[in-house]
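Atoms considered below: every heavy atom in the structure, side chains included; atoms not considered: hydrogens, waters and symmetry mates.
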Amino acid sequence: MAKSRSHFSSQDSSLSPTSVRSREWEGPARWTEYLGPEVTPRSSRNPSIDGHVQSSVGSHKGINMQWVVQLTEVAKGLMAKMYRLNQILDYPDPVGHVFSEAFWKSGVLPNHPRLCVLLSKKFPEHFSKLQLERVDKVALDALHDNAELHLQSFEPWIQLLLDLMAFREQALRLILDLSSTVITLLPHQNSLILHAFMDLFCSFVRVNLFSEKMPRKMMLQTYNLLHAMARDERDCDFYHRLVQFIDCYDPPLKGLQEDLNFVSPRIGEVLEAVGPIIFLSTDTRKLRNEGFLSPYHPRYPDILTNSAHPMRAQDLANVTSYREWVLFGYLVCPDELLRVTSIDIALVVLKENTVLTLFRDEYLLVHEDYQLYVMPRILESKKMAKSGRTKQKEADLEYSVAKQVEKMIGEVHDQALLSCDAIHRERRILLKQEIGRMVLFFTDQPSLLAPNIQMVFSALAFAQYEVIWYFQHVGIASSRSKTGRVVPVDIDPSDPTIGFILDGMDQLCCLVRKYIAAIRGYALSYLSSCAGRIRFLLGTPGMIALDLDASLKGLFQKIVHHLESIPKPQGEHISAITCDLSEFRKDWLLILMIVTSSRSSTNIRHLEKATVSTGKEGLLSEGNAAYNWSRCVDELESQLSKHGSLKNLYFYHQHLTAVFRNTMFGPEGRPQHCCAWLGVASSFPECASPIVPEEVTKIGRDAVLYVESLIESIMGGLEGLINILDSEGGFGALEIQLLPEQAASYMNYASRVSMASTKSPKGAGGYPLPGHESHPESNNSIKMLEAAMQRLTNLCSVLNDMEPICVLNHVFVLREYMRECILGNFRRRLLAVLKTDNDLQRPSVLESLIRRHNSIIHLAEQHISMDLTQGIREVLLTESFSGPVSSLHMFEKPADQLTGSATEAVCYWYIENIIKDISGAGILFAPMHKCFKSSRPVGGYFADSVTDLRELKAFVRIFGGYGVDRLDRMLKEHTAALLNCIDTSLRSNREVLEAVAGSLHSGDRIEREASIKQIVDLDTVIGFCVQAGLALAFDRLLSEAAGAVLEEGAPLIHSLLAGVVKHIPEELPENKEIRRMKAVANNVAMVGDHDSQWVRLILEEVGGANDGSWSLLPYLFSSFMTSNIWYTTAFNVDTGGFNNNIHCLARCISAVIAGSEFVRLEREHQQRRSFSNGHGEAGDSEMQSRLSAEASIKSTMQLFVRFSAGVLLDSWNETNRSHLVAQLIFLDQLCEISPYLPRSLLESHVPYTILRSIYSQYYSNSPITPQALLLSVSPRHSPALSLAHGSPVVRQPRGDSTPQYSGNDSGFFKGSSSHGPDHLYNTDNGSSRSVESKHRNVRRSGPLDYSSSRKVKFTEGSASGSSGPSPLPRFAVSRSGPLAYK
């Protein structure tokens, strides 16, 4: 018994040559290692078979067919070993003696190139005659020292040479026996034995041709040298026989032609017999017109069964094998080309092939081998025919044929290079059409699939050959073993028919598997009926007259018994029937071997003559048909794998990936094809040979990588389709809206030009107008959009319905990949559009882009059985908040809270560019417009384009409450740092401030001024307070936006919260639940005093205002009146604020004083409570505490106003009063902002007359022109300014887009003395009450707010005849001044 390779390699080098020789002659049992577990047990049933002609049944002589099949399997195992050896040796070129560096480092041969190459070149000379010590003495000594080690590693590969020699002898003997004993080898008479014989014949040729790619000479010579060194200069026993074997097969074709010379006539007969089928397979017009691959009659479509050419259609399944028989047969039996009909057969096959596959992706350049090894034999025949013309009558014919063959071989190579691609392309188109029709037909008529199953196999085999041919040639450049021989076949790597064929094959295989029970039932019914026909034929007079001997008659009776014992299919239980017909097939093959043997007394011709007179099919025809149908019962899956498997595409999987990428998303690509491209990988692991265990792992890994690569390409295409639609040329082109400034510019342009020129779909500025997609010139782009939408929905539908792809233990579910792809792409698109080329994208534009992307995803979602909307929400939630949700329920700031990257980026941008103004864009808060403005763009936009209420509402809609919380948290952190600076200033200047307080109370002006000058960094603290006021203003806008969105999206929750806030008890200290409720209400602008509550929360969080220095706060703020900043401060009537944001200082002072007082009083109350141990009247004391807190705040504010008024009025003189106006307006604005500071308090310090005259002067200097009146209707700049200075044009797909502002307003950024005609006024804010003022019951005065019951009129000096809201709605009413009360 043969030893396995692992056992053999672990053996020591003392293995005796005798044991090797005995293994060589053990017969079939020696091939156990190559046959594998599937085939070996069957060989054990016939231990007496040694490949010779055996006594099969009684006196009849026959050859066991099982041994023929097993030797074919042995050939595959031998080639798998040689393939692996070539991989290890890095594909050497033994013919040209070219070996790479990896060859010598592989460990198979000793790393001594000079010695080994010399031994190879001098083959078959013995090493003793080569004087090796002169060539490389050092290498020779090293070999001698390590001879045993090298021998041990060499043994498996030398054994491979021995196996090749033994296979040659046994296979050749079997081929010769079959050729000499089988009566007929014609496909229509004896197809089963013919295929077994020709498979063995081709395997024999392949093995020997492939062996040339191994360094056989070097291996043998080096092994013998090592053996002599280790065994006392004695050659190994098999050395001389291997030398003879290698020498006679050098080159292999020479030895093959000599060895197979005896079977050459039989091969010629076979090739002539298969010629008609080959001719038919190349005639695409005939195949199409006569419907050889059509289940219905081509000329009579109503006839649903096509019985015109049943046998020919069945033979087409074998045409791939027939082509290989022709190429191999004429290559090793060149004399058969001299037959009259052979030249046409060879020409047809050679013209459409340039390579001849040996094993997997190893091949020969067939035309070169024909010229090298066939042409000399043809020329020799031609020469002999010419010299023997007078002696033979057939000499002229032979000479003529030889001449034609010579011409054909000389010209067919160029013809193949020019025409083979066109021939196969035409055939692929035919298959695309026929298989497509076949799929539709059998899907509609599945009951006709079973009768036409052989036709399905033919179509699959045809398509299999064409697909493999395509990938064999698409990447071919030159042979590995014969470098320099280039095959310049021009194959199109973007041929779309490949996808159609793969898809058709996949669908056909799916149909067969789907209706496998019906096919099996039909086959069982056929076999049951066949039993009666065979029994009838056995009882005919002709068969009785033959007088069969008992053994053969017994075999026929066994056949009938097998068929009659088949279970009858009943109802719907066909799938449950299990039937093993392997014994039936064995017995039938045994009958065939007996009756086709020349040694048998009863042969095939006798049987045909005895049964053909009945007028029905002969006995052998019925038996062969039963054999074929029996395979559809228990071997249907193997049949389907044989004809439809594309496992060999594994060896071209890189070309497969490239062609897929070129065709899948091309103009003729179809999304449904991706199923077939992916499904191919499931069969890749079947390529692994059990002879080479490591192949399973490698091929499995490559198959998984192939699937992952294709899935990556598919998902990339899916993303591409979504992104094409989600682009300005996609859905964006259908949602064009003009910005207000663009519309105004276009109207101005249209009024100046003729009406004819306005018909152009392009606007004045070159931007397209809404509706331009309806113009004829846009038809192509709309069609492209429709095609992209169709392809997207198709692809989603296909991926959703696709079955999981299984590769070894990996399962790929395309639906899950698709979901991750769509959501991942949405996240990437969100982060990409978050920022423009310059800076942050406007929230309203970002919202519209998100909505557009969502509409595309919803379009795809209709074809997917998954909830993608929920996934989008998860992505937005992840980008808004990624911490644990439980941390939000506690209303506490977690230590390590994480925030989504999108929210983080937006919030960080607002803090850095709006609040901190790190770019120096001159950020100003405009109370009248409720937004921030800038003197120049902040990134791509002016500040008002990203900070007004509409933009902040868009921000809230995008990022939700988590985004608002994050921005609010960052504003609080920033404000807490600024409050800490105020605290530091109070602590560091405590003594100075106490001195200031004393001087203010005593009225000592000189001491006061001296003390104030000692305050450290007064202007810096003012800057911090101004920035804190900016943060307060921004958070107020943010809360208003959040409240508006809450009211729009959840009005019930909004109304519930508003009702709860009205009834929250006003107590001090507040319990935890009330504080939480107020914090929530404050975040949506439902608390009247937003700023003070916000500062109060900050101080409570950081523990601020916790010492006595905070009692000096009003004195610190009063000292601000002495700062030099007031000399550069000017009021702007257009914005309702100052040019350096000093109005934000008033907001800060009001909020900080009120918030700090609340914190101080609450802390004092807690201390009293702790001292009293919780006893006392809780309800009354808490209400009294609340009233005392408000009284304390009012007292502190009054103290600040009194001292501030005193300071500023004391500093006034005739020569220095430029700062006085700004300071007085500042105090008036403080009364406007603070709910704790009534205007009547300011009257006692600053007379109304002074304020009235100041406002009259400001507003009378603001001219009312028609242009100003026109622009006062809208808070926007003129279109000209917006187009000249605004941000780049952005298409607004929604109607709620926020127009852009221009920062080119001189009055906005300069003092009160410079007002131009381009001022803009927001009458909406000027004439209505803010949310802030709705909660106040005290009377107000000043430029920002007057009673809404007052009627608005123009002054007598105003421009008469003008209409619309006035930019001066307040001071034109009363001639006595701007301050008026009811």
Side-chain angles (χ1 to χ4, degrees), residues 95 124 168 172 175-176 179-180 198 201-202 204-206 208-209 211-212 244-275 324-351 353-356 358 364-416 479 481-482 485:
V95 177
R168 176 233 178 175
L172 189 58
I175 289 170
L176 293 175
S179 174
S180 60
M198 290 304 295
F201 171 81
C202 291
F204 176 73
V205 175
R206 279 196 174 98
N208 287 286
L209 289 177
S211 66
E212 188 183 18
Q244 184 182 3
F245 165 64
I246 294 173
D247 190 43
C248 71
Y249 274 79
D250 183 28
L253 276 171
K254 176 185 172 184
L256 286 169
Q257 288 176 354
E258 293 177 0
D259 284 347
L260 298 173
N261 188 46
F262 296 101
V263 299
S264 180
R266 300 304 300 269
I267 299 297
E269 292 174 7
V270 171
L271 298 184
E272 276 190 325
V274 300
E324 290 183 350
W325 295 357
V326 168
L327 291 175
F328 282 122
Y330 290 133
L331 185 61
V332 297
C333 303
D335 292 337
E336 301 311 309
L337 273 172
L338 298 176
R339 293 173 180 255
V340 177
T341 56
S342 296
I343 183 170
D344 294 329
I345 299 172
L347 176 63
V348 164
V349 179
L350 286 171
K351 193 163 63 173
N353 289 282
T354 58
V355 297
L356 177 56
L358 293 179
L364 291 179
L365 300 177
V366 64
H367 292 283
E368 295 188 4
D369 283 338
Y370 264 77
Q371 290 176 357
L372 288 174
Y373 302 107
V374 176
M375 184 72 85
R377 294 286 291 268
I378 300 301
L379 294 176
E380 183 181 351
S381 299
K382 177 184 171 184
K383 184 179 179 181
M384 289 179 62
K386 189 175 183 179
S387 63
R389 182 176 301 173
T390 56
K391 299 177 182 177
Q392 299 178 3
K393 295 180 180 180
E394 297 84 5
D396 290 338
L397 178 61
E398 185 178 347
Y399 177 81
S400 175
V401 171
K403 194 172 182 180
Q404 291 179 29
V405 172
E406 178 190 5
K407 182 182 179 183
M408 182 269 291
I409 294 175
E411 296 177 353
V412 73
H413 189 194
D414 293 334
Q415 293 177 18
S479 172
S481 62
K482 298 175 182 178
R485 296 184 179 184

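By the 4.5 Å heavy-atom criterion applied to side chains, Leu253 and Val205 are not counted as neighbours. Residues Leu209 and Phe328 are in side-chain contact: their nearest non-hydrogen atoms beyond the backbone lie under 4.5 Å apart. Side-chain atoms of Val355 and Leu365, non-hydrogen and from C-beta on, do get closer than 4.5 Å to each other. In this structure the side chain of Leu172 reaches within 4.5 angstrom of the side chain of Leu260, judged on heavy atoms.
How far CD of Glu324 is from CG of Leu356: 7.5 Å, rounded to the nearest 0.5 Å. Taking CG of Asp259 as the reference point, atom CZ of Arg168 lies at 4.5 Å (rounded to 0.5 Å). Atom NZ of Lys382 is separated from atom CE of Met375 by 9.5 Å, given to the nearest 0.5 angstrom. One finds the CD1 atom of Ile345 at 6.0 Å from the CD atom of Glu272 (value rounded to the nearest 0.5 Å). Note: Glu406 CD to Ile378 CD1 = 9.0 Å, rounded to the nearest 0.5 Å. With values rounded to the nearest 0.5 angstrom, Arg377 atom CZ is found 4.5 Å from Asp335 atom CG.
With hydrogens and angles ignored, the 3.5 Å screen pairs no side-chain donor or acceptor of Asp250 with any backbone N or O of Ile246. No donor-acceptor pair closer than 3.5 Å links the side chain of His413 to the backbone N or O of Glu368. Checking side-chain atoms of Ser180 against main-chain N and O of Leu176 turns up a donor-acceptor pair under 3.5 Å.
When all heavy atoms of Ile343 and Val340 are compared, the pair lying nearest together is CG2-O, 3.5 Å. Shown here for Leu337 and Val401, the closest heavy-atom pair between the two residues is O-CG1, 4.1 Å. Across all non-hydrogen atoms, the minimal contact from Val95 to Glu212 is CG2-OE2, 3.6 Å. Of all non-hydrogen atoms in His367 and Ala416, the two that sit nearest each other are NE2-CB, 3.5 Å. Scanning all heavy atoms of the two residues, the minimum distance from Gly329 to Leu271 falls at CA-CD1, 4.1 Å. Of all heavy-atom pairs spanning Tyr330 and Val374, the tightest one is O-CG2, 3.8 Å.
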| task | Report the C-alpha separation of Leu331 and Val366 in whole Å, then their side-chain angles, then the decisive distance to 0.1 Å, and conclude whether the side chain to side chain contact (heavy atoms under 4.5 Å, CB included) test is met. | result | CA-CA 9 Å; Leu331 185 61; Val366 64; 5.5 Å; no
| query | For Ile267 and Trp325, what are the C-alpha separation, side-chain angles and deciding distance, and is it a side chain to side chain contact (heavy atoms under 4.5 Å, CB included)? | reply | CA-CA 9 Å; Ile267 299 297; Trp325 295 357; over 6 Å; no
| message | Does Arg266 form a salt bridge (charged side-chain N to carboxylate O under 4.0 Å, His left out) with Glu269? I'd like the steps, not just the answer. | response | CA-CA 5 Å; Arg266 300 304 300 269; Glu269 292 174 7; 3.5 Å; yes
| Stepwise side chain to side chain contact (heavy atoms under 4.5 Å, CB included) check, Phe201 with Val332 | CA-CA 10 Å; Phe201 171 81; Val332 297; 3.5 Å; yes
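With sequence neighbours excluded, no residue satisfies side chain to side chain contact (heavy atoms under 4.5 Å, CB included) with Gln244.
Side-chain contact of Ser342 with Glu336: a donor-acceptor pair under 3.5 Å is absent, judged by distance alone. Under the 3.5 Å distance criterion, with hydrogens and angles disregarded, no donor-acceptor pair is assigned to the side chains of Ser211 and Tyr249.
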